[in-house]
Amino acid sequence: MECDVVLATGVTHQYRAGGRNVDALRGLTLSVPRGSWTMLVGRSGAGKSTLLGLLSGQIEWYGTGEISLEGKSLRVLDGSSRARMLFQVRQDPLTSTAPDLTVAEHLVLADSCPESRQKSWIHRARDTCFPLRSAHTGSFSSLLREHGLAEYLDAPVAELSGGERQLLVLLLAHLRRVPFLILDEPLSNVDDVHARRCLEVLHRLNQAGTTILMVTHDLHVACAHGDRLACVGAGRTLAEFAGAAKNELAPSRLWELMETAEINISSARGAVDA
Amino acid sequence: MNEVSVILDVGLCAGMIAAPSVLAMAIAWRCLDFPDLGIEAAVPFGAAAASLVLGAGGNPMAALLVGSAAGVVPGLLTGSIHACLGLPKLLAGVLVATLFYSVNLRIMGGANVSLLGKPSFLDVASDPDSSGAGAASFHVGRLIVLALVLGIVTAFLWTMLRTRVGLRLQAVGSNPDFARSVGVPTRAYVVFGLAATNALGAMSGALLAMHQGFADVGMGFGVLVVTVASLAIGERLLSVWGRRSRQFRCVASAVAGAIVYQCLIVAALRFGLPATDLKLATAILVLVFMYAQFRRPAALTAQRGY
């Protein structure tokens with residue numbers, strides 16, 4: 001049987017803030033099957049971003065439990081193998097792009113499979129020495145034209161608006177050809193037009209076989225897109241929906257779920273304090 | 001008229017000798033975002049290595065190559081101290097500069113080594129005035145050799161910055177998170193990038209030792225400020241020259257800045273600036289140009305890409 005892209009069981013994680021330990025994850029369990037588009041929802045502080053941070057390697061993991069990525073334990077994965085396995089899209093596209101570099105340079109750097117690989121050694125050498133020249137003649141300009149960014153090919157990324165920049169980050173994800181994409185509230189700083197374009201790119205990537213794990217606060221987006229949904233609260237998984245249950249899920253039901261979980265958690269904490 | 005030609009001759013010569021170290025700072029600081037103080041170690045270390053080769057009766061060309069290659073050592077050290085031990089960039093540079101002061105003293109066996117009477121790389125082509133045929137005050141032969149060396153180095157760097165490796169280096173400097181996300185091993189790029197830039201600094205040191213006829217342990221002192229001043233002037237000059245690629249601006253502003261700065265200094269000295277006030281004048285120059293640069297509207301700065 002094919003293994004899940006992410007399999008997390010009983011994951012705990014603490015971080016230190018203001019001189020005391022804060023439990024970010026308290027036994028979170030989650031599975032992301034290959035080829036799925038899993039939405040991750042929950043209130044602020046539920047542990048969504050912590051989980052993504054652990055997966056991307058931004059946060060070092062000292063907690064208990066087990067997380068495996070493509071069947072390999074997260075504890076033994078190094079940065080370069082992570083970069084081959086996954087690509088992270090952050091909330092703020094400023095942090096995912098290099099402001100000094102041009103759009104063409106970003107595309108060249110992200111392109112993990114230059115077209116010239118199949119060609120003769122002269123083409124390969126030319127592509128290695130003058131990658132920007134082939135960027136202009138190659139498929140990059142048509143890719144940008146398709147997404148309304150054609151005029152920016154030679155512009156520094158600093159000239160792009162927030163929405164355009166997030167769209168560019170998703171195109172970079174497309175060019176990286178990684179099997180797994182993690183997104184941390186990618187649409188929260190993006191206008192409606194670009195949000196729709198971003199979702200189109202995500203649908204296309206998912207149809208091409210890319211597994212997606214996306215954190216979002218927009219419950220309408222969470223219900224309308226993706227084929228699985230996990231709701232987390234206070235570092236635990238509250239509920240998972242897949243198939244027909246996910247398709248029938250309404251934002252109001254999710255909202256209720258998160259609200260009741262909050263009441264349960266606060267009453268449990270009250271009992272402990274008493 | 002004669003005064004102008006003397007200023008141009010001496011300034012051009014000093015500028016082209018300093019240009020590799022300014023190129024080193026342009027790449028380390030502007031592309032790799034690493035204001036590398038270790039350059040103050042690389043310059044005398046390159047001079048010391050070159051003087052060692054010349055002292056052993058070596059070929060001046062070999063002395064230049066060995067001197068440049070020696071610069072790799074302080075670069076690797078600065079990069080490793082920052083990338084592997086996690087020390088701040090400036091502190092890593094200061095440590096290496098301090099450490100190499102003693103190393104240079106050991107290599108040279110004293111505070112300075114005279115290279116008088118030794119063959120110099122710069123005198124490969126004979127000067128017309130040395131044969132007594134003309135009244136030209138230009139050291140044409142020396143300038144041609146320097147221009148050739150600088151031309152090769154500049155062309156190589158400009159090409160290199162546009163390759164995949166060069167673009168990755170700039171990505172590491174601009175946003176290491178982005179570089180990591182597209183699979184660039186950022187630490188390795190910092191370490192090897194600094195090795196390359198320090199080799200350029202050492203090339204300046206080797207050329208300077210052969211030009212002035214001695215290697216001195218203190219010749220690296222103040223190199224950082226001089227390179228920053230040259231870079232600031234160069235960037236200001238290039239900013240009026242329309243919209244060019246970032247790589248071209250980086251390389252061209254370093255070379256132009258180095259030459260213009262040295263000509264300005266020679267002119268100031270010829271017109272009566274006491275040599276003791278030189279560092280004061282340089283610092284003020286840096287201040288003025290940096291202020292002019294940072295005062296520009298944000299939109300223009302973004303367009304420049306720095």
Side-chain angles (χ1 to χ4, degrees), chain A residues 56-58 78-90 92-114 116 124-135 154-160 165 168-169 172-173 175-178 181-182, chain B residues 26-27 29-34 83-84 86 155-190 235 239 242-250 253 296-306:
Chain A
S56 69
Q58 254 184 329
D78 59 353
S80 61
S81 39
R82 267 205 184 95
R84 276 195 299 275
M85 280 179 191
L86 62 81
F87 186 87
Q88 187 183 19
V89 179
R90 298 188 183 91
D92 181 4
L94 267 177
T95 55
S96 323
T97 49
D100 301 338
L101 270 60
T102 65
V103 171
E105 286 165 353
H106 275 76
L107 298 175
V108 163
L109 286 168
D111 190 11
S112 61
C113 180
S116 60
R124 282 203 300 274
R126 200 174 61 187
D127 184 68
T128 310
C129 295
F130 307 105
L132 290 171
R133 194 170 293 171
S134 51
D154 284 321
V157 169
E159 281 182 21
L160 270 66
R165 226 183 268 198
L168 173 69
V169 174
L172 299 181
L175 287 173
R176 282 297 292 163
R177 295 174 175 84
V178 285
L181 193 57
I182 54 178
Chain B
I27 293 171
W29 191 17
R30 292 312 199 192
C31 296
L32 204 49
D33 193 28
F34 200 116
C84 304
F156 172 75
L157 287 176
W158 183 32
T159 315
M160 202 282 298
L161 282 177
R162 294 161 62 83
T163 63
R164 262 174 212 286
V165 173
L167 291 178
R168 286 174 162 199
L169 190 87
Q170 293 157 71
V172 171
S174 184
N175 182 356
D177 279 339
F178 163 71
R180 266 189 292 273
S181 77
V182 292
V184 179
T186 48
R187 285 181 185 183
Y189 268 82
V190 168
E235 282 172 359
S239 67
R243 196 173 164 160
R244 298 266 166 171
S245 79
R246 194 182 61 259
Q247 290 89 0
F248 176 80
R249 270 189 273 118
C250 178
S253 61
R296 304 172 76 209
L300 276 175
T301 324
Q303 192 184 1
R304 268 176 68 251
Y306 286 148

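We use all heavy atoms of the structure for the numbers below, so side chains are in, but hydrogens, waters and symmetry mates are not. First the proteins, then the strands, lettered A, B, ... as listed; each starts at 1.
A:Leu101 has its side chain within reach of B:Gln170: a pair of non-hydrogen atoms, C-beta onward, lies under 4.5 Å apart.
Proximity to chain A (any heavy atom under 4.5 Å) is shown, for B:Arg168, by both the backbone and the side chain. Only the side chain of A:Arg90 comes within contact range of chain B, with heavy atoms under 4.5 Å apart. Residue contact with chain B, scored on non-hydrogen atoms closer than 4.5 Å, involves the backbone of A:Leu94 exclusively.
B:Phe156 CZ: 12 or fewer foreign heavy atoms inside a 6.0 Å radius.
Separation of atoms CZ (B:Arg180) and CD (A:Gln88) is listed at 11.5 Å; rounding is to 0.5 Å. A distance of 6.5 Å separates CZ in B:Arg246 from OG1 in A:Thr102, rounded to the nearest 0.5 Å. A distance of 9.5 Å separates OG in B:Ser174 from CD in A:Glu105, rounded to the nearest 0.5 Å.
Although no hydrogens or angles enter the test, the distance criterion places a donor-acceptor pair under 3.5 Å between the side chain of A:Arg176 and the main chain of B:Val182. Side chain of B:Arg164 to backbone of A:Val108: a donor-acceptor contact under 3.5 angstrom is found.
When each of B:Val184, B:Asp177, B:Thr163 is checked for heavy-atom pairs under 4.5 Å with chain A, B:Thr163 comes out on top.
Considering every non-hydrogen atom in both A:Ala98 and B:Phe178, the closest pair reads CB-CD2, 3.8 Å. For the residue pair A:Thr97 and B:Asn175, the shortest heavy atom distance occurs at O-ND2, 2.8 Å.
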